[in-house]
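Each remark here refers to the structure printed beneath this line.
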Amino acid sequence: AMVSFAILSPGRDPIVYDLTDEAQVKALSSVGYTLKEKAEYNIQLTFHVSGSIVSGLKYINVTKKLGIRVDREEKMIGSYGPEKEPHVWVSKPAGVVPSGMMARGSYSAVVKVLDDDGQEWGSIEQTFTIAK
C-alpha cells in the first residue's frame, strides 16, 4: 500500500503528500505543487509490503501538458519482502526541471507502481506547475 509521495529538491523543504489522507490526495491531483525551472529533484515513494514478497516493482510516470503526453519515465524500484516499517524508495539519478518559455506552465501526471506481473500497486494523480 502506498503511504506517501514526496518531491525532494536541494535548497527547499521536501514537498510531501500523505497518500492515506483523502484531502491530501485530492490536493495533489487538483492544486498540486510548483517546481522552479532548472531545479534538481528526486521522487520519494514510501510504501508498505504485507503478505508475500513483491517482485520487480517499477515506477512509471506519464506527464501531460494540455492533455498531450510530453514525457514518460520508467524506473525499477526493486523487490521487497513484508516488513512492519514502510519501505522508502528515492529515484536516482536526480532529474532536472525543464526550463524556458515552452516548459513553463501547468502539467498533470499519473504515477503508477506495477509489479513484474503487471499488477498495479498504486496510482498517484498529480498536478504541478513549472515556474521561473
Side-chain angles (χ1 to χ4, degrees):
M2 303 300 294
V3 176
S4 70
F5 170 85
I7 304 286
L8 311 176
S9 188
R12 73 181 285 179
D13 290 337
I15 303 167
V16 182
Y17 289 89
D18 178 349
L19 299 177
T20 65
D21 179 337
E22 193 64 39
Q24 288 192 36
V25 170
K26 219 169 250 170
L28 176 58
S29 68
S30 60
V31 179
Y33 53 91
T34 299
L35 298 172
K36 284 185 85 107
E37 292 181 315
K38 300 181 186 172
E40 283 194 4
Y41 69 94
N42 297 85
I43 304 294
Q44 178 179 287
L45 298 177
T46 305
F47 56 95
H48 272 291
V49 174
S50 57
S52 59
I53 292 173
V54 178
S55 62
L57 280 183
K58 64 184 165 193
Y59 159 95
I60 300 169
N61 184 36
V62 175
T63 304
K64 294 180 178 181
K65 184 174 185 179
L66 301 173
I68 299 166
R69 188 167 99 176
V70 293
D71 188 45
R72 183 182 189 279
E73 182 180 30
E74 187 171 318
K75 294 184 181 285
M76 280 306 294
I77 295 175
S79 299
Y80 296 87
E83 288 186 21
K84 280 186 181 160
E85 293 302 310
H87 296 282
V88 177
W89 174 80
V90 177
S91 64
K92 301 276 194 251
V96 177
V97 178
S99 62
M101 198 172 80
M102 296 301 290
R104 289 192 287 272
S106 295
Y107 293 81
S108 64
V110 176
V111 169
K112 289 191 185 291
V113 177
L114 306 174
D115 66 16
D116 58 7
D117 292 329
Q119 180 179 338
E120 189 175 294
W121 281 81
S123 179
I124 305 162
E125 291 184 29
Q126 56 183 311
T127 297
F128 64 93
T129 302
I130 295 176
K132 266 186 159 179

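What you see is a predicted model; the values in this text were computed from it and never measured. Along the sequence shown, residues carry numbers from 1.
With Asp115 contributing its side chain and Asp117 its backbone, the two residues share a donor-acceptor pair below 3.5 Å. No side-chain donor-acceptor contact under 3.5 Å links Ser4 to the backbone of Leu19. Between the side chain of Tyr17 and the main chain of Gly32, a donor-acceptor pair closer than 3.5 Å is present. Lys58 places no side-chain N or O within donor-acceptor distance of the main-chain N or O of Lys112, the cut-off being under 3.5 Å. In this structure, the side chain of Asn42 engages the main chain of Ser91 through a donor-acceptor pair within 3.5 Å.
Within a 6.0 Å sphere centred on CD of Glu85, heavy atoms belonging to other residues, nucleotides or ligands number 12 at most. Atom NZ of Lys75 sits in a crowded spot, with more than 12 heavy atoms from other residues, nucleotides or ligands closer than 6.0 Å.
Contact between Glu40 and Pro10 at its shortest, heavy atoms only, is O-CD, 3.5 Å. Heavy-atom minimum distance, Glu125 versus Val110: CG-CG2, 4.1 Å. Between Pro14 and Leu8 the shortest heavy-atom distance is CB-CD2, 3.7 Å. Closest approach of Val16 and Ala6 over heavy atoms only: CG2-CB, 3.9 Å. Here the shortest heavy-atom pairing between Ser29 and Thr127 reads O-OG1, 2.5 Å. Nearest heavy-atom pair across Ser55 and Ser79 is CA-OG, 3.2 Å.
Glu37 is listed as a side-chain neighbour of Ile130, based on a closest heavy-atom distance under 4.5 Å. Put simply, the side chain of Leu45 reaches to within 4.5 Å of the side chain of Ile124, judged on heavy atoms. Side-chain contact between Val111 and Ile60 is absent, with no heavy-atom pair separated by less than 4.5 Å. Residues Gln44 and Thr46 form a side-chain contact, since some pair of their non-hydrogen atoms from C-beta on lies under 4.5 Å apart. A heavy-atom distance below 4.5 Å is not found between the side chains of Val70 and Met102. Side-chain contact between Lys36 and Val97: absent, with no pair of heavy atoms (C-beta onward) separated by less than 4.5 Å.
Atom CD1 of Ile43 sits about 7.0 Å away from atom CD of Glu73, to the nearest 0.5 Å. Atom OG of Ser50 sits about 12.0 Å away from atom CD of Glu83, to the nearest 0.5 Å. The line from CZ of Arg12 to OG1 of Thr34 is 7.5 Å long, rounded to the nearest 0.5 Å.
Note: Tyr59 and Trp89 meet the aromatic proximity criterion, with ring centroids under 6.0 Å apart.
Residues Leu28 and Val3 do not share a hydrophobic cluster, defined by chaining ILVMFWY side chains whose heavy atoms lie under 4.5 Å apart. Both Tyr107 and Ile15 belong to a single network of hydrophobic side chains, linked directly or stepwise wherever heavy atoms of I, L, V, M, F, W or Y lie under 4.5 Å apart. Both Phe5 and Trp121 sit in one connected hydrophobic cluster of ILVMFWY residues. Membership requires side-chain heavy atoms under 4.5 Å apart, directly or through other members. In the hydrophobic clustering of this structure, Val62 does not group with Leu57; members are Ile, Leu, Val, Met, Phe, Trp, Tyr whose side-chain heavy atoms approach within less than 4.5 Å, directly or through other members.
Taking the six-membered ring where tryptophan is involved, the planes of Phe128 and Tyr33 are essentially parallel, since the angle between them stays under 30° and well short of 60°.
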Open item on the list: Does Phe47 form a side chain to side chain contact (heavy atoms under 4.5 Å, CB included) with Val113? I'd like the steps, not just the answer.
Closed with: CA-CA 10 Å; Phe47 56 95; Val113 177; over 6 Å; no
